Amino acid sequence: MIQVNELHKTYRNGRVKALNGVSFSVDKGEIFGVIGPDGAGKSTLFRILASLLIPDPGRGKATVGGYDVIRDYRQIRQIIGYMPGRFSLYQDLSVEENLKFFATLFNTTVEENYSLIKDIYGQIEPFKKRRAGALSGGMKQKLALSCALVHRPKVLILDEPTTGVDPVSRREFWDMLGRLRELGITILVSTAYMDEADRCTRVALAREGEFIAIDTPKGITRDYSEVLWSVEGDRMPALLNRLREYPSVKTAFAFGDKHHITVEKGITTEELENYLANNGFKETRVEPIEPTIEDCFLAM
Amino acid sequence: MDKVIEVEGLTKRFGNFTAVDRISFDVKRGEIFGFLGANGAGKTTAIHMLCGLSKPTEGRGSVAGFDITRENEMIKQNIGYMSQKFSLYEDLRVWENIRLFGGIYGLADKVIAKKTEELLERLNFKSERNTMVKALPLGWKQKLAFSIAIFHEPEIVFLDEPTGGVDPAMRRQFWEMIYDAAERGITVFVTTHYMEEAEYCHRVSIMVDGRIDALDSPRNLREAYGAKSMDEVFQQLARKAQRAD
């Protein structure tokens with residue numbers, strides 16, 4: 001459904017490289033996640049695929065639904081739904097007016113496509129007279145998704161749709177994406193939440209304009225090559241600093257109620273526990289653990 | 001231990017709608033206090049009252065020793081504030097933003113100059129001195145915004161979703177800056193939607209429909225709710241919400 005081959009995009013006469021030869025493909029009915037730091041080129045890529053930005057000419061190629069992103073931009077706009085990272089609906093139009101507006105742009109009506117959006121639009125319909133600008137963050141996301149869906153797109157392009165959204169609404173949002181996928185809609189989504197990567201069929205880890213890994217979430221964690229332990233105890237911030245001082249500890253990061261550390265091969269958990277005990281950290285638990293996507297991301 | 005925030009029965013109504021419903025809590029000096037809740041639970045309205053930007057309908061409170069209703073101008077001088085949405089002027093350079101906020105808080109030119117060097121040094125930002133803020137990656141922007149929010153050494157800093165959209169590596173660096181500030185005695189009042197970040201707070205409160213339904217250390221909350229993670233605690237509480245987001 002999406003084919004990207006050696007795509008480049010530079011800004012400021014080539015001085016800033018936003019995309020540096022990105023290649024990947026997304027099959028119909030996939031939820032393909034793009035994970036990467038700010039400045040990795042995620043938004044640039046999504047805007048090119050949405051035909052809103054032209055890639056560097058003469059280098060690489062991208063198609064969506066078989067249409068070329070430069071030549072066939074009119075057709076592409078018919079078959080995609082795009083949700084930009086920044087809320088870009090009309091703040092002074094009501095919820096209902098925004099939705100009608102987008103339906104009209106695509107020569108369709110809200111009624112015709114109500115079955116597709118009712119799960120999500122139903123939740124904000126009680127507030128349909130409210131100005132879009134006066135909605136809470138979670139409601140704005142739901143309206144933006146409804147507007148992106150109202151013309152029954154084949155491909156949804158969602159740029160960080162859940163940034164600023166609370167954990168309960170986030171879970172609902174992803175349940176919704178799962179149902180859209182079952183209807184055969186292809187979804188390309190970027191996120192800064194690592195737990196969401198596990199809900200994708202495949203993910204790409206992006207850095208500095210390149211995709212450095214593309215695989216299923218399981219495949220990404222399977223390829224992790226470090227020795228990874230969790231450490232749990234009292235005085236967690238001080239513990240983190242102490243861990244970093246131990247020569248065999250390569251990296252140490254806070255992970256909620258635990259710390260995750262990577263260590264040189266050959267040292268044992270007992271050695272580390274003894275070291276910590278000798279430095280005033282009694283009752284510390286050190287255990288080997290399986291990596292999460294976030295561990296893989298931090299090891300990039 | 002002295003208290004930097006004391007709030008009792010704080011309430012805000014807009015017409016028939018009770019955005020914040022009789023909340024009471026204290027925050028101690030040097031504490032990192034996580035202020036959690038779903039979108040629309042009333043967090044931002046509560047923070048506006050604490051910062052002296054909005055008058056409570058009922059209840060009382062003090063921040064940094066000043067009454068939030070009568071002495072709101074004094075509060076503004078003694079707090080720092082940053083949010084995900086607004087923090088810095090995009091069309092000013094890094095040094096100009098520092099200069100501007102230093103001036104707004106009434107610091108002397110000499111003090112600003114000296115502290116600017118320290119700040120750039122600490123952030124490893126010397127090469128970015130003349131960069132327009134809009135050209136900085138989000139994570140850098142947020143680190144700079146936080147440094148500027150505590151530039152005048154406030155008693156307390158309010159951080160409204162400071163790490164939204166920031167990648168995991170940068171988020172961790174940001175939290176290490178929060179710990180440094182807390183160790184220097186600055187109280188940190190922070191909201192976040194990342195539940196693992198809730199674990200980094202000394203205590204957290206969870207707002208549901210305008211009320212504070214839970215308040216304790218992350219460990220005690222997990223035990224009280226029989227949950228493995230703060231995410232589970234949050235899901236249990238926030239799912240009870242009646243108010244539509």
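This one's a predicted model, so the numbers in the text were calculated from it and none came from an experiment. Each chain gets a letter, A, B and so on, in the order its sequence line appears, and its residues count up from 1.
- In this structure, the side chain of Y194(B) does not engage the main chain of Y193(A) through any donor-acceptor pair within 3.5 Å.
- In terms of modelled atom types and a separation under 3.5 Å, the side chain of Y179(B) and the main chain of P237(A) share no donor-acceptor contact.
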Given salt bridge (charged side-chain N to carboxylate O under 4.0 Å, His left out), test R207(A) with D167(B) step by step and report yes or no. CA-CA 11 Å; R207(A) 188 177 61 190; D167(B) 78 76; over 6 Å; no
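- For M236(A), no part sits under 4.5 Å from any heavy atom of chain B, backbone or side chain.
- Of the inter-residue distances, the one linking R170(A) atom CZ with Q235(B) atom CD reads 8.5 Å to the nearest 0.5 angstrom.
- The pair D166(A)-K43(B) does not meet the salt-bridge criterion, since no charged nitrogen lies less than 4.0 angstrom from a carboxylate oxygen.
- When M170(B), E197(B), R222(B), R219(B) are compared by the number of non-hydrogen pairs under 4.5 Å with chain A, R222(B) comes out ahead.
- The distance from atom CZ of R172(B) to atom CG of L298(A), rounded to the nearest 0.5 Å, is 4.5 Å.
- Between E199(B) and F255(A), the closest side-chain pair of non-hydrogen atoms is not below 4.5 Å.
- With a 4.5 Å cut-off on non-hydrogen atoms, L240(A) touches chain B through its side chain but not through its backbone.
- Going from atom CZ of R239(B) over to atom CD of E172(A) covers 6.5 Å, rounded to the nearest 0.5 Å.
- Y11(A) OH: more than 12 foreign heavy atoms inside a 6.0 Å radius.
- With a 4.5 Å cut-off on non-hydrogen atoms, V165(A) touches chain B through its backbone and its side chain both.
- The line from CD of E196(B) to NZ of K258(A) is 13.0 Å long, rounded to the nearest 0.5 Å.
- Among the candidates E160(A), M194(A), E294(A), the residue making the largest number of heavy-atom pairs closer than 4.5 Å to chain B is E294(A).
- Taking CE of M195(B) as the reference point, atom CG of D195(A) lies at 10.5 Å (rounded to 0.5 Å).
- Annotation for R12(A): atom CZ does not count as buried by contact number, only 12 or fewer foreign heavy atoms lying within 6.0 Å.
- Taking CG of N39(B) as the reference point, atom CG of L135(A) lies at 11.5 Å (rounded to 0.5 Å).
- Contacts of P167(A) with chain B are made by both backbone and side-chain atoms, with heavy-atom separations under 4.5 Å.
- The 12-atom threshold is not exceeded at CG of N124(B), counting heavy atoms of other residues, nucleotides or ligands nearer than 6.0 Å.
- Of the charged side-chain nitrogens involved, none lies within less than 4.0 Å of a carboxylate oxygen, so that D257(A) and K228(B) do not count as a salt-bridged pair.
- With respect to R244(A) and E176(B), a salt bridge is recorded, a charged nitrogen being found less than 4.0 Å from a carboxylate O.
- Ranked by heavy-atom pairs under 4.5 Å with chain A, the first of A198(B), P168(B), G37(B), A41(B) is P168(B).
- Counting heavy atoms of neighbouring residues, nucleotides and ligands inside a 6.0 Å radius, atom CD of E245(A) exceeds 12 of them.
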